[in-house]
Structures are given as structure tokens and as C-alpha cells.
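Data first, discussion second: the structure below is written as C-alpha cells.
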Amino acid sequence: MPFEPVILFFLLGLLAALVRSDLKIPGVVYEALSIFLLLAIGLKGGVELARHDVLDLALPALVVVGVAMVIPLACFPILLRLGRLPRADAASIAAHYGSVSVVTFAVASSFLATRDVPADGYMTVFLALLELPALLVGVFLARRGQGQVQWSTLLHEVLAGKSIVLLAGGLLIGWIAGPEGIKPLDRLFFDLFKGMLAFFLLEMGLVAAGRLADLRRAGPFLVAFAVGAPVCAGLLGLLTAGMLDFSVGNAVLLATLYASASYIAAPAAMRIAVPEANPALSIGAALGITFPFNLMAGIPLYYWLAVHMNGAFS
Amino acid sequence: MPFEPVILFFLLGLLAALVRSDLKIPGVVYEALSIFLLLAIGLKGGVELARHDVLDLALPALVVVGVAMVIPLACFPILLRLGRLPRADAASIAAHYGSVSVVTFAVASSFLATRDVPADGYMTVFLALLELPALLVGVFLARRGQGQVQWSTLLHEVLAGKSIVLLAGGLLIGWIAGPEGIKPLDRLFFDLFKGMLAFFLLEMGLVAAGRLADLRRAGPFLVAFAVGAPVCAGLLGLLTAGMLDFSVGNAVLLATLYASASYIAAPAAMRIAVPEANPALSIGAALGITFPFNLMAGIPLYYWLAVHMNGAFS
Amino acid sequence: MPFEPVILFFLLGLLAALVRSDLKIPGVVYEALSIFLLLAIGLKGGVELARHDVLDLALPALVVVGVAMVIPLACFPILLRLGRLPRADAASIAAHYGSVSVVTFAVASSFLATRDVPADGYMTVFLALLELPALLVGVFLARRGQGQVQWSTLLHEVLAGKSIVLLAGGLLIGWIAGPEGIKPLDRLFFDLFKGMLAFFLLEMGLVAAGRLADLRRAGPFLVAFAVGAPVCAGLLGLLTAGMLDFSVGNAVLLATLYASASYIAAPAAMRIAVPEANPALSIGAALGITFPFNLMAGIPLYYWLAVHMNGAFS
Amino acid sequence: MSPALTSRKLVTIICEAELEALLVPELARHGARGYTLTEARGQGARGVRDGAWRASSNIRIEVLCDATVAERLVDMLQARFYADYGIVVFVVDAAVLRPGKF
Amino acid sequence: MSPALTSRKLVTIICEAELEALLVPELARHGARGYTLTEARGQGARGVRDGAWRASSNIRIEVLCDATVAERLVDMLQARFYADYGIVVFVVDAAVLRPGKF
Amino acid sequence: MSPALTSRKLVTIICEAELEALLVPELARHGARGYTLTEARGQGARGVRDGAWRASSNIRIEVLCDATVAERLVDMLQARFYADYGIVVFVVDAAVLRPGKF
Ligand SMILES: Nc1ncnc2c1ncn2[C@@H]1O[C@H](COP(=O)(O)O)[C@@H](O)[C@H]1O
Ligand SMILES: Nc1ncnc2c1ncn2[C@@H]1O[C@H](COP(=O)(O)O)[C@@H](O)[C@H]1O
Ligand SMILES: Nc1ncnc2c1ncn2[C@@H]1O[C@H](COP(=O)(O)O)[C@@H](O)[C@H]1O
Ligand code: NA
Ligand code: NA
Ligand code: NA
């Protein structure tokens with residue numbers, strides 16, 4: 001199969017919404033599953049981090065985060081000029097695409113595991129690091145010259161937001177407890193991970209279908225953007241990975257991180273920091289188009305490119 | 001033990017309700033578990049279906065569904081004449097008993113597994129097929145000569161209802177992904193199945209106890225019906241299974257399907273299509289009496305009969 | 001590590017609350033997890049009980065429960081005189097400390113398992129037995145000489161309360177079904193136990209942080225009490241265990257039971273039987289101080305003492 | 001009442017959860033411009049509805065609207081649902097901002 | 001008000017969730033013919049009740065009834081629960097269909 | 001109205017769930033002594049909010065207060081949140097016990 005079987009659950013969710021099924025997954029189940037996934041991803045990363053020297057990550061981390069800032073800075077003028085979107089909307093959408101999607105990352109990891117392509121656990125650290133900075137860039141773009149941003153509120157909203165707390169908390173617990181300490185928890189957090197991801201993707205399908213409807217009023221530009229942006233960002237990720245001498249697996253993960261658009265931390269942060277931006281546009285593009293695109297076409301594409309750019313990766 | 005250990009959880013739920021415990025399982029947990037069970041049953045069936053030629057099922061499916069229609073058609077006059085129930089109630093109850101209960105089916109599968117009696121995964125297809133037709137018969141019986149049924153609403157309600165969407169969706173995913181593709185999900189959907197069923201039965205016990213109270217006003221006829229109907233339908237299932245040259249395991253599952261009464265799809269459909277029917281009667285009988293009867297006495301009985309009708313089954 | 005890795009999840013929860021994270025675990029998830037844990041602990045105890053002669057437990061049970069009554073009777077005058085608390089509050093807090101905490105017991109079991117220290121499954125029976133009596137003592141102390149207690153309401157509230165129903169129900173099911181009957185459920189109830197406990201402790205951290213805030217108005221006496229009481233009660237548990245010739249593992253569990261303070265059954269019961277007592281005090285002390293104290297310092301301490309009181313334990 | 005506020009009607013409907021798919025579309029069809037829904041349980045003439053599963057859950061729907069729409073909604077609900085379903089409706093006077101919205 | 005509607009009282013009670021088992025039976029005993037309950041959280045004089053667990057959750061109970069029963073309920077709640085529990089009660093005028101039901 | 005009861009205002013706010021952290025602290029700052037919150041979903045000018053995830057959920061907040069505070073709250077909500085957020089506010093007259101509390 002060209003794509004991961006778990007994606008079939010996403011399609012089932014989409015389909016159920018399309019035929020207007022009464023299938024509804026309660027909001028609290030969505031909450032519980034997303035807590036589980038964030039924690040499990042953090043734990044897994046932390047356990048593997050224990051096997052590396054953390055300081056070796058400092059330089060690549062700086063490069064990875066620095067280059068990633070190109071994404072919102074490049075998206076913004078495109079959205080503003082080409083897309084003729086209001087400044088607030090352009091900035092908010094740029095922030096969503098500069099930040100990252102945890103579930104897309106999880107599906108990419110799963111895709112690599114199915115193909116026995118090794119990838120390093122410390123990629124989770126980049127996942128955690130990439131969440132925030134693009135949001136700051138987005139707010140800065142929205143407010144440039146118009147003063148009055150409550151930066152402290154915003155920083156608190158994101159840094160104390162559940163995705164950072166759970167990812168970083170999981171990393172830390174995994175790191176402190178180490179593989180031995182975590183072993184009794186493996187049955188829940190690692191063995192069930194893929195099944196839970198499948199279940200979560202079913203929900204995501206239901207949710208994404210609703211966002212597609214929101215997007216209908218937005219016109220073709222945003223749809224094209226929501227497909228073009230991840231492809232360009234994915235390429236940027238592959239180039240950066242080549243520069244940093246990453247393995248094929250790590251390169252695919254970095255490309256996926258760059259290509260993915262946030263739909264957990266970014267919407268919440270933008271709603272507070274740039275309230276005049278219309279969330280239907282940013283969430284509609286990120287979740288209605290880019291998310292399914294990455295799942296079904298993007299990840300296989302970045303993988304295919306990474307394999308064929310051989311020589312570039314160690 | 002003459003019955004499945006999981007049934008003890010059902011009894012615990014009943015008991016908790018009886019002593020008016022404050023034990024309450026939140027409604028969303030009920031929702032989440034029922035989604036899990038439907039999906040898992042579908043996936044399991046789909047994976048095993050991949051090993052068969054689907055076309056071979058067409059004829060048995062036709063027979064199984066055709067014969068099943070006898071059940072609501074036979075129940076209706078009995079409820080109407082002997083039971084002196086209003087036409088709407090007679091038709092609604094007939095529809096419940098013509099349709100099927102997914103959890104009863106799951107307990108029967110579990111019962112067979114404990115005794116190492118093989119049964120085919122494609123029986124799940126019959127489970128999915130048997131859900132709808134009896135509901136149509138029931139609505140037809142309720143409305144005969146009195147026109148004005150919104151068939152399209154009804155069909156949509158059932159076909160896009162969560163039980164069909166999840167069962168059929170699971171079948172399809174299992175079939176497409178095959179045993180290999182599904183394997184990473186086994187830990188959630190197959191290994192935990194029986195534990196989740198136990199948990200769900202605990203809830204069912206709490207819910208069933210409440211339905212019993214509803215039934216109290218209904219009088220002894222309905223109680224007798226709720227025990228007699230499954231036994232007769234179970235026999236019909238065994239006969240049909242013999243006719244179709246089923247194995248003992250498959251015969252027990254078909255008998256259980258015929259004998260079981262729906263309490264997910266049927267109540268929702270009848271509430272919309274035959275609103276003047278009193279749901280306390282149909283759900284009270286189906287969930288308060290027939291469900292526990294099948295769990296504790298019916299399934300062992302159909303098994304005993306299937307084994308002793310030897311010669312009949314391959 | 002001096003403490004169990006699962007405790008790190010509790011600390012993460014505390015920390016999340018401290019930085020005022022938006023991480024919130026829905027109330028129904030808390031409910032579902034606590035049902036799971038109670039049932040799983042009961043089942044495990046029941047399965048192991050099947051290997052013993054239950055009658056052999058009668059005498060130790062009597063001693064264990066009898067001695068435990070010393071705890072509320074000793075706490076009450078201290079809280080009343082030294083703490084200058086109103087009679088109702090002193091009695092209610094005494095009841096909380098006389099009763100037991102299921103999760104503290106689970107962490108102690110987990111602590112022993114990590115260190116390969118054997119402990120007997122029938123200790124769960126004592127857990128179930130110790131829940132109620134101290135509550136009766138507490139109500140008696142609150143009402144002495146002032147008549148008018150609805151003992152039957154209170155008894156019903158506790159005996160039909162979810163913790164007794166699930167613990168005792170689990171014990172019974174485990175006992176009836178035996179290791180063989182339960183085996184298909186092991187994957188859910190035993191293999192996932194520690195992971196679920198970790199998840200639950202994350203929630204407990206969030207909840208406990210809120211209770212600490214409640215406690216702030218209460219002053220230093222109650223804080224000192226909430227650390228001193230478990231240490232004294234733990235010692236009493238070790239002495240009793242020595243008297244009953246318990247193994248080291250069982251001694252640690254008994255010490256933990258004595259040292260732990262109830263925050264499920266006791267608050268609910270006291271709210272009904274002694275409504276004028278301020279729940280912020282009793283829950284604040286039990287959950288805000290004693291619970292984390294036992295997790296992080298108490299259990300290792302009781303273990304250290306048990307090992308060094310060698311000769312005392314078989 | 002603050003000068004910014006205008007008088008409107010708040011129509012509250014409490015009914016079986018399974019009625020949602022049938023009832024909600026009727027609201028817009030009879031002039032409601034929005035609604036708010038919360039999950040509920042309760043007790044009435046048809047016994048306890050404890051929320052343990054969908055079939056014994058209630059929903060509570062609020063519609064802010066003008067008096068004409070309120071009357072139309074009440075009449076519609078009475079005509080279509082009162083005979084066969086567990087349903088309770090009541091109307092309260094409410095002061096709203098942005099009266100044009102309702 | 002539509003001619004179909006009659007005036008009744010809507011009594012709303014907000015209190016600790018753990019009071020449910022104690023309070024709900026009293027409603028019927030004092031003349032209420034039904035009630036509707038939703039889960040809630042909140043804040044008041046006794047601090048934040050964030051709904052993280054049962055012990056810090058609230059419930060919100062509505063009773064439609066006539067003025068006599070409303071008064072009886074209010075008096076009962078004040079006498080039995082106000083001293084010891086976190087509880088808030090308010091009464092609103094509501095127009096209902098089928099007045100005989102309440 | 002029972003002699004025990006005093007007239008107050010019940011301010012009900014329905015808005016996006018993600019506004020909670022921003023809006024709730026403002027209530028106390030403008031004189032509210034408490035509030036009650038329930039989870040909700042709904043539909044309005046900004047489309048369906050089906051509660052499938054936090055970003056499409058609503059909350060429903062009730063504040064009992066006197067007329068002055070009610071007016072202050074309504075003005076604050078209008079000034080701070082109406083332009084950018086999905087929010088609906090309405091005010092109802094309510095009779096309360098212990099008027100000093102609100
Ligand atoms: N007097 C009442 N006050 C408040 N809610 C009521 C009242 N009567 C009925 N209800 C609600 O309406 C639902 C259906 O009512 P019924 O058809 O009388 O069983 C009940 O489950 C309650 O939630
Ligand atoms: N002024 C108020 N407006 C609305 N709800 C309130 C108010 N005061 C208290 N409550 C609710 O009543 C509960 C108990 O109030 P209290 O006893 O004051 O802490 C709170 O948790 C709130 O849900
Ligand atoms: N007419 C109305 N009646 C009741 N609730 C409404 C109404 N209009 C809007 N709402 C609620 O307010 C939320 C936001 O409204 P809106 O900004 O119009 O989309 C909706 O999701 C509904 O929950
Ligand atoms: Na990105
Ligand atoms: Na049947
Ligand atoms: Na204790």
C-alpha cells in the first residue's frame with residue numbers, strides 16, 4: 001500500500017461525516033486521546049534521548065528552528081499579496097503553517113516504522129521546539145507597527161499549553177526514568193500507540209470534514225496554498241536535513257514537521273493574540289486540506305524524495 | 001462454568017443498580033466503548049473475510065436475511081393478538097426482535113472461543129446485514145394502510161447510523177488492510193477486546209436494571225414473550241444453519257443473531273419512524289429480559305442444541 | 001531511583017497546575033480511570049484469593065480492622081485540642097485518616113513489584129474492609145451526645161458506594177472465575193494497570209494542586225498533622241504486621257493502608273453525615289499533603305523500616 | 001434595563017436526545033437564527049432519564065428570538081412533537097444586545 | 001405571550017454535585033413533578049469548583065412548577081441545605097404549554 | 001414572589017470555549033461574585049459549533065448579580081469581545097435568596 005493503513009480510519013471518519021452519519025465521538029474522548037498521544041510521543045522521545053548526549057542536539061536544534069522561521073515569513077507576503085487576505089488572516093495562517101502538527105508527525109513515524117526505516121527518537125525534541133517560535137513570528141507580523149501585543153499572555157498560553165506541557169513532560173519523564181523505568185508502562189503507551197492513533201484519526205476525519213465546509217467560502221487560492229505550502233516546506237525540510245547530514249528517516253520526519261500545519265496550539269494562541277483573524281480560514285486550510293494532504297500524499301512524497309536524493313543523506 | 005466469565009461483569013452491574021449504588025459509568029464512556037466494540041468486531045470480520053471469496057457469501061447471505069424476516073412477521077401478530085398491544089407497539093417490538101444485538105453476538109463469539117469451537121470471521125457480515133431489514137418490516141407493519149412513512153429519512157437513519165458505519169467501515173478497513181496491515185492495531189482492537197467487553201457489560205448491567213423498572217408496568221405477557229421469542233428464533237437460526245451446512249460454531253452464532261434483539265439501531269430508528277410506539281416496552285423487553293436471558297441461558301442452550309443436533313452441522 | 005517512576009506523572013500534574021497550564025483532564029476520564037483501577041485491584045486480589053483458604057484471613061482481618069480503629073480515635077482529640085478545630089472538622093478529618101486510599105495502595109504494590117518484593121493478593125481484602133469502619137467512628141465522634149444520625153443512609157452511602165462495589169465485586173469475580181477464567185481479561189486489567197495508574201496520577205497531580213490552594217487558609221497545624229499522622233499510622237501498621245507475622249511486602253502494604261487517607265469514600269460520606277464539616281480542610285490535608293507525602297517519602301520509609309526491622313517479619 | 005438592551009424571547013426546549021436530528025432543523029425552518037444546546041438528564045412523567053446511554057439522555061436547547069418567532073416555534077413544537085415525545089418547552093423574557101441578530 | 005401559554009415558575013438550583021442523592025428526592029416530596037439536570041462547574045464564595053473530579057463539580061437543576069410549589073421548594077432548600085452546602089437558588093417567571101403538567 | 005426573595009439580574013453569556021481563560025477573570029474584575037459554567041454547543045451566524053473538539057465547542061456562563069454589575073458586565077463584554085468573537089449575551093430578571101451574596 002502506498003500509504004499507512006491507519007489512514008483508512010481517517011477516511012472512514014471523513015466518509016461518516018459526508019453521509020451525515022450520527023456517528024459522533026464525544027469531545028472528551030478527543031481530549032483524552034490527544035493527551036495520550038502527546039504523552040506517549042514525549043515518553044518515547046525521552047527514552048531514546050537517554051541514549052544520546054543531549055548537547056549534541058544543540059547545534060542541529062538551532063539550525064532546525066532557525067530555518068523553520070523562513071516558513072511563516074515566506075507564507076505571510078504570499079497570503080497578503082497573492083491571496084489578498086487581510087493582514088491578520090495572513091499572519092495567523094502563516095503562524096499555523098510555521099508551527100507543527102503532532103499527529104502528522106506520528107503518522108510519518110508510523111509510516112517509517114512500517115517500512116523499517118530507522119529514525120531517531122530525539123526528533124521529538126524538534127517537534128516540541130518547533131511549536132512555539134512560528135506563533136511568535138505570526139503575532140509579530142500581525143501587529144507590526146500597531147503595537148500593543150500581550151506577549152506575556154501569549155507566551156504563557158503556548159508554553160503552558162497542554163501540547164508543550166505533555167510533550168516536554170513526557171520527554172523529561174522518559175529521560176529521567178530511562179528504558180528500564182518506563183518498561184512497565186510500555187504496554188499502555190507504546191504497544192497501544194498505533195491503535196489509539198487509528199482511533200484518533202477516525203475522530204480527525206469527522207472533525208476535518210466539518211472544517212472543509214467552513215473552507216468552502218474561502219475560494220480556490222487558499223486551497224491551492226494549503227497544498228503548495230506543505231510541498232515547499234517539505235522540500236525546505238529535506239534540504240535542511242541534507243545540510244545537517246540527517247539519515248533518510250530523520251529527513252522524512254523533518255520534512256513532515258516543516259510541511260505540517262498546527263491545529264492544536266496555533267488556533268488557541270491566535271484566537272487570543274490575533275482575535276480579528278477568522279479561525280475558519282486558518283483551521284479550514286490546516287485541518288481540512290493540509291492535514292489530509294500530508295497523510296495521503298505528502299509523507300509518501302517526502303519519503304520518495306528523500307530516498308531518491310540519495311547521497312544527500314547518511 | 002456454564003457461562004462466560006465476562007457475564008459476571010453484567011451481573012455486577014445489575015447488582016450495583018439493585019442496591020442503588022452511586023456507581024455510574026459516564027454516558028460518554030458508554031459511547032466510546034460501543035464505538036470501540038463495533039469497530040473491533042468489524043475489523044476482525046474484515047481481516048478474516050480477506051481469506052475468503054466474498055462471492056461465496058452471496059447465497060448464504062440471501063438465505064440468512066430472507067429467513068430472518070420471518071421473525072418480525074411472526075412476532076407482530078402474536079404481540080398484537082395475544083399481547084393485545086397497540087399496532088405501533090407490536091410493530092416496534094417485532095422490529096427490535098427481528099434486528100440484532102452486537103454485544104450478544106460478541107459474547108457468543110467469546111463463549112465459543114473459550115471452548116475452542118471455531119467460527120468464521122465472515123459471520124460479522126451477516127451481523128451487519130441483519131441489522132436493517134427487520135426495521136423496514138417493522139415500519140411497514142406499523143404503517144400498513146396508513147401511508148405516510150418517510151422511508152428516506154428512515155433508511156438514512158439506519159444506513160448512516162453509527163452501528164452500520166462502524167461495522168461496515170471496520171469490515172472494509174480489515175479487508176483492505178489485511179492481516180499484515182492490521183497487525184500493529186491488534187494490541188488495541190483484538191488483545192483488549194474481551195476486557196473492553198467486560199467493562200461494557202458492567203455498564204449494560206447498570207442500564208438493563210433501569211429498563212427492568214420500566215418494564216414493570218408492562219405485565220407478564222411481554223416478559224414471557226421476551227423469553228419465548230429468542231428461544232424460537234434461536235431454533236429457527238439452528239435450522240437455517242443446518243440447511244446452509246454451517247459448522248457448529250457458525251450455527252451458534254446465527255442462532256444467537258436470530259435470537260438477539262437490537263437495542264442500539266432499533267430504538268433510534270423506531271423513535272423516528274414509529275414515534276407513537278412506547279420505547280419503554282420495546283427496550284424494556286429487549287434489554288431488560290432478552291439480553292440477559294441470551295447471555296446467561298440462551299447462548300449455552302443454542303450451543304447445547306447445536307452440539308446435539310450433530311449430523312446437522314459440518 | 002528512590003521512588004516509583006509512576007510518581008513522575010503525579011509531579012507533572014502538579015507542575016502543570018502550578019504553571020497554570022490549560023491541561024485539563026475531563027472529569028469523566030477521571031471517573032472512568034478510577035472505575036478501572038478499583039475493578040482491576042479487586043480482580044487481582046480475587047484471583048490470588050482463590051489460591052488461599054479464605055477462612056485463614058478471618059482472624060488477621062479482625063486484628064487489622066480492630067487496630068485500625070485506633071487511628072481515628074487518636075487523631076480526633078489531637079485535632080480537637082491541639083489543632084483547636086471545631087468538633088465536626090476534627091471528626092471528619094479523623095475519619096479520612098482512619099479510612100484508606102486505593103491509589104496509594106496501588107502505588108505501594110507497584111513499588112514492591114519494581115523491587116521484586118513479594119506481597120499477597122489477599123491484602124486487597126483488607127483494603128476493602130478498612131474503608132468503612134473509620135467513617136462510622138468519625139460520624140460517631142462528630143455526633144456524640146447530639147443524637148440524630150441517619151446511620152442507614154450513611155451505611156448505604158458507603159457500602160453501596162462505588163469503591164466498595166467495585167473492589168468487592170472485582171474480588172468476587174476474580175475469586176469465582178479464577179486465574180483461568182480471568183486470563184482473557186489480563187491484557188486489559190493487569191497488563192495496562194501500571195500505565196493507567198500513571199495516567200491517573202497525572203490527573204491526581206492536577207487535582208491535588210487545587211486542594212493545596214484550599215489548604216492555604218488552614219494554617220501550619222494541619223500541614224504538620226498531614227505529615228505526622230501518616231508516619232505514626234504507618235508505624236502502627238508495621239507493628240501490627242509484626243504481631244501478625246506478615247512478610248515484608250505485606251507489612252509495607254499494611255503500613256501504607258494505615259498511613260493513607262481516603263479521598264473517595266470519606267469525602268462523599270462526610271458531606272452527607274457531617275455536612276457542617278468543611279471539606280476543604282479534610283480533602284486539602286488528605287489529598288494536598290498526605291497523598292503526595294506517602295507517594296514520595298512515606299512508602300520508601302515504611303519499606304526501609306520494614307526491611308530494617310528484620311526479624312520482625314517472616 | 002441598560003439602554004443598550006432590547007427585549008426578546010428565550011425559548012427553552014427540554015427533550016429526548018434522540019430527537020436532536022429531527023427537531024434542530026425545524027428551528028431554522030421556523031425562523032430561529034441560532035440555538036445553543038447542552039446535554040441534560042432528568043425526570044418527568046415518563047420516568048427517570050439518567051443519561052446512562054443515549055436512549056435515556058435529554059438535551060436542553062435555547063433559542064433567542066423575537067416574539068413572533070417564539071410563538072411560531074412553540075406552535076410547531078406542540079403540533080409536531082408533543083403527542084409522541086417527552087418534551088417540555090418554556091418561554092422567558094430576555095434583554096439582549098444586538099437585537100438585529102435574533 | 002401566545003394564548004397557548006400559561007405563567008409558571010422556573011426554579012433553578014446550582015449546588016455541589018455530591019448533593020444530588022440528597023436533594024433530588026426532596027424535590028418530588030415537596031411537589032415538583034419533574035426536573036432537568038445538567039453538569040456544571042463554577043466559582044463562588046467557597047472558591048473555584050473546576051469539575052476535575054466529582055468532589056469539585058456542581059450540578060444545575062431546573063424545576064418548572066406553580067408559584068406555590070416554587071415557594072415550598074425555596075423554603076425547603078433554605079432550611080435544609082443553605083447552612084452547610086454551596087448552593088444558589090433563583091426563580092424566574094416562565095410561560096409554559098400544558099400548564100397541568102407542572 | 002415569596003417574601004424571602006429579592007430581585008436580581010441573571011446575565012447569561014454563550015461564547016466560544018476558548019474564550020474561557022480570557023473572559024472569566026474579567027467577570028470578577030467587573031464586580032461578579034461568582035459564576036456557573038456549563039459546556040454547550042450550538043449554531044449561529046458563524047456556523048455550526050458541534051463540540052467535536054475544543055475549537056468548535058461553546059460554553060454557557062451564568063452570573064447572578066445586581067442591576068449595576070449586570071450593566072457593567074454587558075458593557076464590558078460588548079466592548080471587549082463582541083467585535084472578534086462568537087458571543088451572545090442576555091439578561092433575565094431573577095428572584096434570589098440571600099441577596100447580599102450577589
Ligand atoms: N416539571 C419539570 N421541570 C423541569 N423539567 C422537567 C419537568 N418535567 C419534565 N421535565 C424534563 O422533561 C423531560 C421529559 O419529560 P416527561 O415527558 O414528562 O418525562 C424530563 O426527563 C425532564 O428532563
Ligand atoms: N453570583 C453567582 N452567579 C452564578 N453562580 C454562582 C454565583 N455564586 C455562586 N455560584 C455558583 O454556586 C456554586 C456554589 O457557590 P458558593 O457556595 O458561593 O461557592 C459556585 O460554584 C457557582 O457555580
Ligand atoms: N439566536 C440564538 N439563540 C441561542 N443561541 C444562539 C443564537 N445565536 C447564536 N447562539 C449561540 O452563540 C454561539 C455563537 O454565535 P454566532 O457568533 O452567531 O455564531 C452559537 O454557536 C450558539 O451557541
Ligand atoms: Na510547519
Ligand atoms: Na434477532
Ligand atoms: Na488510613
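Below, chain A is the first sequence line, B the second, and so on; all start at residue 1. Computed from a predicted structure; not experimentally measured. As a basis for the values below, the full set of heavy atoms in this structure was taken, side chains included, without hydrogen atoms, waters or symmetry mates.
Exactly one residue among D/I14, D/I13, D/V74 makes a side chain to side chain contact (heavy atoms under 4.5 Å, CB included) with D/F90. That residue is D/I14.
The contact between D/A45 and chain E is made by backbone and side chain atoms together, counting heavy-atom distances below 4.5 Å. Proximity to chain E is limited to the side chain of D/R60, based on heavy atoms less than 4.5 angstrom apart. Contact of E/V96 with chain D is made through backbone and side chain together, with heavy-atom distances under 4.5 Å. Only the backbone of D/E39 has a heavy atom closer than 4.5 Å to any heavy atom of chain E.
Once rounded to the nearest 0.5 Å, the distance linking OH of E/Y35 with CG of E/L73 reads 13.5 Å. Interatomic distance, CG of D/L10 versus SG of D/C65, reported as 8.0 Å (0.5 Å rounding).
Between chain E and the residues D/N58, D/V88, D/T38, the most heavy-atom pairs under 4.5 angstrom are made by D/V88. Most heavy-atom pairs under 4.5 Å with chain D: of the set E/I61, E/T36, E/D93, E/L37, this distinction falls to E/L37.
With contacts defined as side-chain heavy-atom distances shorter than 4.5 Å, the pair D/R41/D/D50 does not qualify. When side chains are defined from C-beta on, D/E16 counts as touching D/R49, because their heavy atoms get closer than 4.5 Å.
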TODO: Begin from the C-alpha positions of D/V11 and D/V89 and carry the test side chain to side chain contact (heavy atoms under 4.5 Å, CB included) through to its verdict.
DONE: CA-CA 7 Å; D/V11 181; D/V89 178; 4.0 Å; yes
- [ ] Kindly determine whether D/L5 and D/L97 satisfy side chain to side chain contact (heavy atoms under 4.5 Å, CB included), including the steps that lead there.
- [x] CA-CA 5 Å; D/L5 297 173; D/L97 283 170; 3.8 Å; yes
- [ ] Report the C-alpha separation of E/F102 and E/R33 in whole Å, then their side-chain angles, then the decisive distance to 0.1 Å, and conclude whether the side chain to side chain contact (heavy atoms under 4.5 Å, CB included) test is met.
- [x] CA-CA 6 Å; E/F102 307 105; E/R33 313 265 289 270; 5.9 Å; no
Task: CA sep, side-chain torsions, deciding dist, call: D/D75, D/R72, side chain to side chain contact (heavy atoms under 4.5 Å, CB included) - done: CA-CA 5 Å; D/D75 292 347; D/R72 221 183 296 152; 5.9 Å; no
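Chain D is approached within less than 4.5 Å, heavy atom to heavy atom, by E/E20 from residues 17-30 of chain E, ordered by number.
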